[in-house]
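Working notes for the structure below.
Each chain gets a letter, A, B and so on, in the order its sequence line appears, and its residues count up from 1.
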Amino acid sequence: MSAHGLTDDFLQRAQHALGQDFLRQAVRKTTDRLRDGRAQAVREAGDFEAWRDALSASRRRAIARLDAVLRVFVERASAHGVQVHFAADAAEACAIVVELARAKGARLAAKGKSMLSEEIELNQALEAACVEALETDLGEWIIQLAGERPSHIILPVVHKPRAEIRELFEQHGGITLSDETKVLAGYARDRLRAEFLRADLGITGCNMAIAETGAVALFSNEGNGRMVSTLPKTHIALMGMERIVETRADFVDLMRLLPRSATGQRITTYVNVLHGPKRTHELDGPEELHVVVVDAGRSQQLADRDYREALACIRCGACLNACPVYSTVGGHAYGTVYPGPIGAVIEPLYARDDERRAELANASTLCGACHEACPVRIPLHDMLVSLRQANVRQGRGDRSELALQRVAARAMAVPFVYAGGGAVARWFGRFVAGDGAWPRFVLHHTPVLQAMARQRVLPKPPVRAFRDQWADLAREDMRGSDGR
Amino acid sequence: MDAESFYARIASALGGPSPALHLPPALKVAAVTATATERRAWAHLASERLRSVGGSAECVSRSQLAARVQELVGASPTVRVADALLPAEVLSVLGQATACTAVDAHTWREACAAATWGVTDADAWIAETGSVLLCAQRDRPRATSLLPRHHLVIVPLERVIPSLEGALNALVDTPSQWLLVTGPSRTSDIENDLTIGVHGPAVLHVLVVDEETA
Ligand code: SF4
């Protein structure tokens, strides 16, 4: 790790992102658009802060007694025919789905958008079991055709220019298309329509469960979520174990906040709340509804008081859009399933000794914009600070930087050492920030500095320290008031 | 993993099992009572909000209704909900439409996939968001409002309600699907460019039937 705590891997991915003009502009444009949308929705909705208070409280309440809340959910959902399964980790979650697919003799699984499915790498597991897993959310389908990963949790394909999308579709269909959005979306519609009707299995995520009525809820705009939860004979919903509210009233707050925080919509086009499979006399709907409740690192996070609150997350993506780092480098630079501030917090918690995830805490300016945007007021920036502290405690980080920090800590405790050291540091700083071969040589051969300078332009320190300038000002001020 | 072990893991993460949660079974609250004038004002707001997301709505009197439906749907292939859910005069102009009560599941699905219009009623129309509430039931199958390219909703003025809270009573009955539809299906996945009509219907039109409208 270098002096800013980021490995070469991260820096390379970030550099790669920064080198792509389209990607940079697209990510910026998207985050701007979503942020503006949210801001406008906040202005329009008089009660926004009250809703935030209510949802923040209800999410935390449910998390604080999650075992009891899940029991109620499971009891009531089972009463209307939902079959609930529990998975301790990603492997078990995949195994449950694969086993269900096998039992049904399923050949094609049509999927709605689910970040949890990305997290547990379900598609790979299904393919390995010879079940075709087909993403049907337009963005996710494009990602699948391209063999990539989503770069935003709400808009997975922000990084792709339309010309590339057209090429993918042309290759897929063996036809010629135009660049128009309507044409491209129309192609996806026509192609996927047949698949919806053919699929034996529908797989979705679960935006939130409601314990009171034993329901799972799906929010979507395209309608593919409705297709996959209606047309195939079997519907499987993957649910992170923390995605639950207690009552219908809590759910109303969610309906008001999730779409507004995500895209600025008053509500998503579809809010689909499911209480079990189709009833005997109904003409359509799945014959079976399975809910797979997944832990996969969440109970560890629950046990950790410092990070428990992050389980209140409703996955709206507002913190991504607010984040200056995310808006600059985009999602792929993070190299994880969940990018942005929420990703930097939860990814390391899901896999505690993964160095690459640990470093993400450093991919932040700690400006707090994520906290301000978060509908459930998760103190993401505080968590990032404590993750950084934990990293240092565990000896992660650049050795020379750590040594320098220890020296600095000593020096700052003694005023005359601090003043003297400052003078030396300023002189040295002015020297290495100067032009010429010597300064450059020194800069590139001094530990700490070389790493710092690699990604940054070092500022040139002033000749006189701020405290000296301040003392002068204070003296002048004194004289001024004396003379009056 | 079995349920008890799963709960036990959570309990140990929380530092001990939580006391049982006595969540009373969901109960209905009294529905909003309102005058026709109030409901008209809500309908006005609902149609404004629906329009802002690409849907459309209009207020019609009972006597205009049949003609208006005829105009919209014409002779296009149409599927519809059961007789009981629609005003009688509409049934006569929807003579060619496939009613969900008249066919088996297989035929129903084929009919929906081939239909241009799907005609439904609604449990409520909500001013706050412009959303139509559709709970699945025998007489109102899900695909009616999903597979056809156009979705026509016929809802009486008495079912116009002010806010989302009013839609919660319907959750108490735990219908297999409780669905809010707010406008045509949409996506912004391609370069942030909003497109209407992806997988779900591209047209959502609400006819609110006001008995007293001249
Ligand atoms: S942390 Fe907050 S802002 Fe970020 S995705 Fe979760 S709920 Fe949204």
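Side-chain atoms of Arg166(A) and Ser178(A), non-hydrogen and from C-beta on, never get closer than 4.5 Å to each other. With contacts defined as side-chain heavy-atom distances shorter than 4.5 Å, the pair Pro156(B)/Arg39(B) does not qualify. In this structure the side chain of Arg279(A) never reaches within 4.5 angstrom of the side chain of Arg138(B), judged on heavy atoms. Proximity of Leu70(A) to Phe6(B): side-chain heavy atoms (C-beta onward) are separated by under 4.5 Å at one or more points. Inter-residue side-chain proximity for Thr263(A) and Leu34(A) is flagged as met; some heavy-atom pair is nearer than 4.5 Å. Residues Met227(A) and Leu147(B) are in side-chain contact: their nearest non-hydrogen atoms beyond the backbone lie under 4.5 Å apart.
Heavy-atom distances place the side chain of Arg109(B), and not its backbone, under 4.5 Å from chain A. Neither the backbone nor the side chain of Val82(A) comes within contact range of chain B; no heavy atom of the residue lies under 4.5 Å from a heavy atom of that chain. Heavy atoms closer than 4.5 Å to chain B are found in the backbone of Thr268(A), but not in its side chain. No part of Glu110(B) comes within reach of chain A, as not one of its non-hydrogen atoms sits under 4.5 angstrom from that chain. At a 4.5 Å heavy-atom cutoff, the contact between Leu27(B) and chain A is made by backbone atoms alone. For chain B, no part of Ala217(A) is nearby; none of its heavy atoms comes within less than 4.5 Å. Heavy atoms closer than 4.5 Å to chain B are found in both the backbone and the side chain of Glu246(A). Only the backbone of Pro184(B) comes within contact range of chain A, judged by heavy atoms closer than 4.5 Å. Looking at Thr174(B), both its backbone and its side chain come within 4.5 Å of chain A, counting heavy atoms on both sides. Both the backbone and the side chain of Arg49(B) have a heavy atom closer than 4.5 Å to some heavy atom of chain A. For Arg305(A), no part sits under 4.5 Å from any heavy atom of chain B, backbone or side chain. For chain A, the nearby part of Ser131(B) is the side chain; its heavy atoms alone come within less than 4.5 Å. When heavy atoms are compared at a cutoff of 4.5 Å, Leu197(A) approaches chain B by way of both its backbone and its side chain. With a 4.5 Å cut-off on non-hydrogen atoms, Glu222(A) touches chain B through its backbone and its side chain both. Only the side chain of Ser52(B) comes within contact range of chain A, judged by heavy atoms closer than 4.5 Å. Looking at Leu231(A), the atoms closer than 4.5 Å to chain B (heavy atoms on both sides) sit in the backbone and in the side chain alike. Pro161(A) touches chain B through backbone and side chain together, each having a heavy atom under 4.5 Å away. In this structure, chain B has a heavy atom under 4.5 Å from the side chain of Arg76(A), while its backbone stays farther away. With a threshold of 4.5 angstrom between heavy atoms, Ser145(B) approaches chain A through its backbone and through its side chain.
One distance of note links CG of Leu274(A) with CD of Gln177(B); it measures 6.0 Å at 0.5 Å rounding.
Here Arg9(B) is the residue among His106(B), His22(B), Arg9(B) with the most heavy-atom pairs under 4.5 Å with chain A. When the candidates Ile267(A), Val252(A), Val72(A) are compared by the number of heavy-atom contacts under 4.5 Å with chain B, Ile267(A) comes out ahead. Between chain A and the residues Asp139(B), Asp104(B), Leu146(B), Leu204(B), the largest count of heavy-atom pairs under 4.5 Å involves Leu146(B). Across His85(A), Lys160(A), Met241(A), the residue that shares the most heavy-atom pairs under 4.5 angstrom with chain B is Met241(A). Most heavy-atom pairs under 4.5 Å with chain B: of the set Thr213(A), Thr280(A), Ile96(A), Leu218(A), this distinction falls to Thr213(A). When each of Arg65(A), His281(A), Glu212(A), Arg226(A) is scored by its heavy-atom pairs under 4.5 Å with chain B, the top score falls to Arg226(A). Note: Val181(B) leads Val181(B), Thr129(B), Ile196(B) in heavy-atom pairs under 4.5 Å with chain A. In terms of heavy-atom pairs under 4.5 Å with chain B, the best-connected choice from Ala88(A), Ser229(A), Gly276(A), Ala68(A) is Ala88(A). Taking Ser176(B), Ser185(B), Ala113(B), Ser18(B) one by one and counting their heavy-atom pairs under 4.5 Å with chain A, the maximum is reached by Ser176(B). In terms of heavy-atom pairs under 4.5 Å with chain B, the best-connected choice from Asp284(A), Thr181(A), Leu302(A) is Asp284(A). Ranked by heavy-atom pairs shorter than 4.5 Å toward chain A, the options Ala167(B), Ala136(B), Ala13(B), Pro19(B) are led by Ala13(B). Interface check for chain A: of the options Thr144(B), Leu164(B), Val103(B), Asp2(B), the most heavy-atom pairs under 4.5 Å are formed by Leu164(B).
The pair Asp47(A)-Arg256(A) does not meet the salt-bridge criterion, since no charged nitrogen lies less than 4.0 angstrom from a carboxylate oxygen. Arg68(B) has no carboxylate O lying under 4.0 Å from a charged side-chain N of Glu89(B), or vice versa, which leaves the two without a salt bridge.
Using cut-offs of 30° and 60° on the angle between ring planes, the pair Phe169(A) and Tyr187(A) is tilted. Taking the six-membered ring for Trp and thresholds of 30 and 60 degrees, Phe251(A) and Trp178(B) have ring planes more than 60 degrees apart, a perpendicular arrangement.
The minimum heavy-atom distance linking Val32(B) with Pro162(B) is given by the pair CG2-CD, 4.2 Å. Nearest heavy-atom pair, Ala93(A) versus Val294(A), reported as atom, atom and distance to 0.1 Å: CB-CG2, 3.9 Å. Between Ala185(A) and Ile190(B), the shortest heavy-atom distance links the atoms N-CD1, 4.3 Å.
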### Query
What do the steps show when you test Glu4(B) against Arg71(A) for side chain to side chain contact (heavy atoms under 4.5 Å, CB included), and what is the final call?
CA-CA 9 Å; Glu4(B) 285 309 321; Arg71(A) 275 179 197 275; 3.0 Å; yes
### Task
Any chance you could lay out the side chain to side chain donor-acceptor pair (under 3.5 Å) test for His152(A) and Asn321(A), step after step, and finish with the verdict?
CA-CA 9 Å; His152(A) 189 287; Asn321(A) 307 326; 2.8 Å; yes
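In this model, a donor atom of one side chain and an acceptor atom of the other lie less than 3.5 Å apart for Thr269(A) and Asn221(A).
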